[in-house]
4 protein chains.
Amino acid sequence: MEMHGVARLTREESRGRTREHLLEAARVAVARNGYDGTSISDITEAAGFSKGAFFSNYESKEALLLELLRRHKEQDIAALGRILGEVEQGKDATSAPDRYLEGLGGDADWARLDIELQLHAARNPTFAADYDGLQSQTRSSLARLIAALFEKAGKRPPASPDDMANLFMALVHGLVLQRARDLGTTVKLVFESLMATAEPA
Amino acid sequence: MEMHGVARLTREESRGRTREHLLEAARVAVARNGYDGTSISDITEAAGFSKGAFFSNYESKEALLLELLRRHKEQDIAALGRILGEVEQGKDATSAPDRYLEGLGGDADWARLDIELQLHAARNPTFAADYDGLQSQTRSSLARLIAALFEKAGKRPPASPDDMANLFMALVHGLVLQRARDLGTTVKLVFESLMATAEPA
Amino acid sequence: MEMHGVARLTREESRGRTREHLLEAARVAVARNGYDGTSISDITEAAGFSKGAFFSNYESKEALLLELLRRHKEQDIAALGRILGEVEQGKDATSAPDRYLEGLGGDADWARLDIELQLHAARNPTFAADYDGLQSQTRSSLARLIAALFEKAGKRPPASPDDMANLFMALVHGLVLQRARDLGTTVKLVFESLMATAEPA
Amino acid sequence: MEMHGVARLTREESRGRTREHLLEAARVAVARNGYDGTSISDITEAAGFSKGAFFSNYESKEALLLELLRRHKEQDIAALGRILGEVEQGKDATSAPDRYLEGLGGDADWARLDIELQLHAARNPTFAADYDGLQSQTRSSLARLIAALFEKAGKRPPASPDDMANLFMALVHGLVLQRARDLGTTVKLVFESLMATAEPA
DNA sequence: CATGAATGAGCCTTCATTCAT
DNA sequence: TATGAATGAAGGCTCATTCAT
């Protein structure tokens, strides 16, 4: 199929590249300028395409951002799953939150994007349905990890795993909103405090 | 000044009323539809004025929202100060966070507005300067209250008062973003846990 | 009110002038290029205004054209009414159709505009309701005139007045569609033939 | 040519099928949504092809519609020719118009398409040339039929055969534009009236 | 001070058309 | 020949802002 070396792309590959570029450009732009503050022109220009290319790949701005979010959540869930696996296999549990936060903090853009979409969802029922679907998966994963960490420590979590997950997601979002520098310190402070005060299982 | 009885308003009073109506209409609209999702027309129509009235009173949408925020923060700071006073006078300290949250929770609109403006600040340096000025006052007030609560309990806060204040402001904003119902439970869980694990002063 | 001579216009006058210019520009443009072939830019540029001025005066392209049609139909109905009055007062009835057609033929643009809007109505239920409302008034007027002419001639019309009116409106539209030159000859041929073959009342 | 049985189509046959499908899809779409209201995508999607297939077969939307019209006119002329033949062979002449109108009325879509193209021609000189060429053939056929009917009745047509043909084409188009239900009644009313008042030959 | 007509830039989206596959 | 991704020009419409009244 590849008769002329690297340069030749099949149509599907080419389309995939375009989408990838658009997604990345959208991620950066929305994190910086917000959902409403980002026009489709902003995205396509940054990606080096015409406006038409956008609509040839996505039905709407919302559709593109939903795909973007979907991918991100998948990665997030995968990362949480990986750490959960390690915890279950007996690895040092105390560093688990650290490792998760490092991944998260490494890209505060993602968190800001998430906040933007969360706000958009708050106003757009259709979008909210999709958003909440993705969000609840992330919550489940995080809840499972938190539950495992408490179990490992022989403690009973002071609230339901889902509520605990919500608590930490809220904390992280709130700190990102403040443009706080080291999320980690604060998150760990809260985590360790909750762990220390939890009753034995 | 009142030459014709109660009905006559001085020019300044009349202007004040216009501003009041605009501010209230803006608060509702922005909380519901977001900063970018609210047009000046939306605001003036809801307030029952023409677009011109807006520009007679404010230089821009930003300026109006900044004034709105200013007023809110003043109230917030006053509320915090009142509770601080009570704590210092020896009133029951455990109910202090409750009372503050009740005021806050009673109007999640305000919190959403705050989030909107915080995001706007994240993108607009000029606005950020003003916003941060107000925010740091609120933080100081909250920090003072937290410090007093820990002192009263004979404990040493596990982080600087400002960081503690940031922590709780973040938590509340994050929960509002999630459209969580009872902020109170979660916030108190964290507060009490931090208090319980704090070292004696 | 007019402190500076002719040049000064009240706001209402000024707005009226703008609307008048937009209407006239739209009439010419739509007659020439069709409903879909006429953009709002076409109209505003021809009228010497910005695109914004359009939306400051009309809700949509449809709304403007509906007002345009309304005015035309009113004139049309008035003309028909005038001729009907003359016929009833015993003036020479044979020249009645002539006089109406002269007015009509004098501005084939109007007829083409009518055809355009009729087609638009055929595809747009909302617009159709408004269009049909206006059209039925014109039909009634024309029907009344036709009925009067037959009565005056002591004849019974070979179809209901409304059907007769439809017949002639259709004939005129069809001829305009053909870019036929002398509508009059053909229309009169049909009219006189129908009159000649009508039974005595 | 058919090397693999019935299923295999020669290239030309295959191309022919594609064109056939595109033409039929275009006919339906344009009759329903108008010339400008029909996009090439609309046509190709309805036909089950890609947009590319369109441009492989036609130079433009105009070109396709012209071919469509050409075919229709051919059929129309054939039908008129057939009826003319019958009239000349002495068959019952009074039912001739009926039979023609039945064919016509059975597919008001065609008439609406014709109106659309007539309007398009009114604005597009290039297209007008082609359109008028086809139209004049139809007119000739219809004129011949009308002349024959009058001759058969021993009457002299009250206008030139071409003008008579134009008259009836206009009437039909105008009635279609009105979305009138029974064209037949009205057309026959006019035809019989003209016949009745015609002088003997 | 308040009004609201007009501006003009910008937004999302549609579409005829091109061209590498 | 048929495909469909990409283009680029419009199109309808919104909106912050200006300014004569």
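Residue numbering restarts at 1 for every chain, and letters A, B, ... go by the order of the sequence lines.
Atom CZ of C/Phe55 is separated from atom P of F/dC15 by 12 Å (rounded to the nearest Å). As a whole-Å value, the separation of A/Arg17 CZ from E/dT21 C1' is 16 Å. Rounding to whole angstrom units, CG of residue A/Leu64 and P of E/dT13 are separated by 12 Å. In this structure, C/Asp36 places its CG atom 12 Å from C1' of F/dG12, rounding to the nearest Å. Here F/dG12 presents its P atom at 9 Å from OH of C/Tyr35, a figure rounded to the nearest Å. A straight line from OH of C/Tyr58 to C1' of F/dT14 spans 20 Å, rounded to a whole angstrom. Distance NZ (D/Lys61) to P (E/dT14): 15 Å, rounded to an integer number of Å.
Taking the six-membered ring for Trp and thresholds of 30 and 60 degrees, D/His21 and D/Phe49 have ring planes inclined between 30 and 60 degrees apart.
Checked by atom type and distance alone, the side chain of C/Asn124 never pairs as donor or acceptor with a backbone atom of C/His120 at under 3.5 Å. Between the side chain of B/Thr38 and the main chain of B/Ala29, a donor-acceptor pair closer than 3.5 Å is present.
Looking at heavy atoms from C-beta onward, B/Arg19 lies out of side-chain contact with B/Leu22 at the 4.5 angstrom threshold. With a 4.5 Å cut-off on side-chain heavy atoms, D/Phe54 and D/Leu64 count as touching.
Annotation: side-chain hydrogen bond (donor to acceptor under 3.5 Å, both in side chains) contacts of B/Lys73 (sequence neighbours excluded): B/Asp114, B/Gln135. In this structure D/Asp42 satisfies the side-chain hydrogen bond (donor to acceptor under 3.5 Å, both in side chains) test together with D/Ser39, sequence neighbours excluded. Every side chain to side chain contact (heavy atoms under 4.5 Å, CB included) that D/Arg112 has, sequence neighbours left out, goes to D/Ala108, D/Asp109, D/Val176.
Annotation: proximity of residues 39-47 of chain A to DNA chain E (heavy atom, distance under 4.0 Å) is found for A/Ser39, A/Ile40, numbered in ascending order.
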Item to complete: Any chance you could lay out the salt bridge (charged side-chain N to carboxylate O under 4.0 Å, His left out) test for B/Glu24 and B/Arg71, step after step, and finish with the verdict?
Response: CA-CA 11 Å; B/Glu24 175 57 13; B/Arg71 291 183 176 212; over 6 Å; no

Practice task
Begin with the C-alpha distance, continue with both residues' side-chain angles, and end with the deciding distance and a verdict on salt bridge (charged side-chain N to carboxylate O under 4.0 Å, His left out) for A/Glu12 and A/Arg15.
Solution key: CA-CA 5 Å; A/Glu12 208 163 324; A/Arg15 180 181 166 89; over 6 Å; no

Each nucleotide of nucleotides 1-6 of chain F classed B (base within 4.0 Å of a protein heavy atom), S (only sugar-phosphate) or -, in 5' to 3' order, makes SBBBSB

With both pairing distances under 3.5 angstrom for Watson-Crick or G-U wobble, and | for a partner in another strand, the correct string for DNA chain F is .||||||||||||||||||||

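Scanning all heavy atoms of the two residues, the minimum distance from B/Tyr131 to B/Leu66 falls at N-CD1, 4.4 Å.
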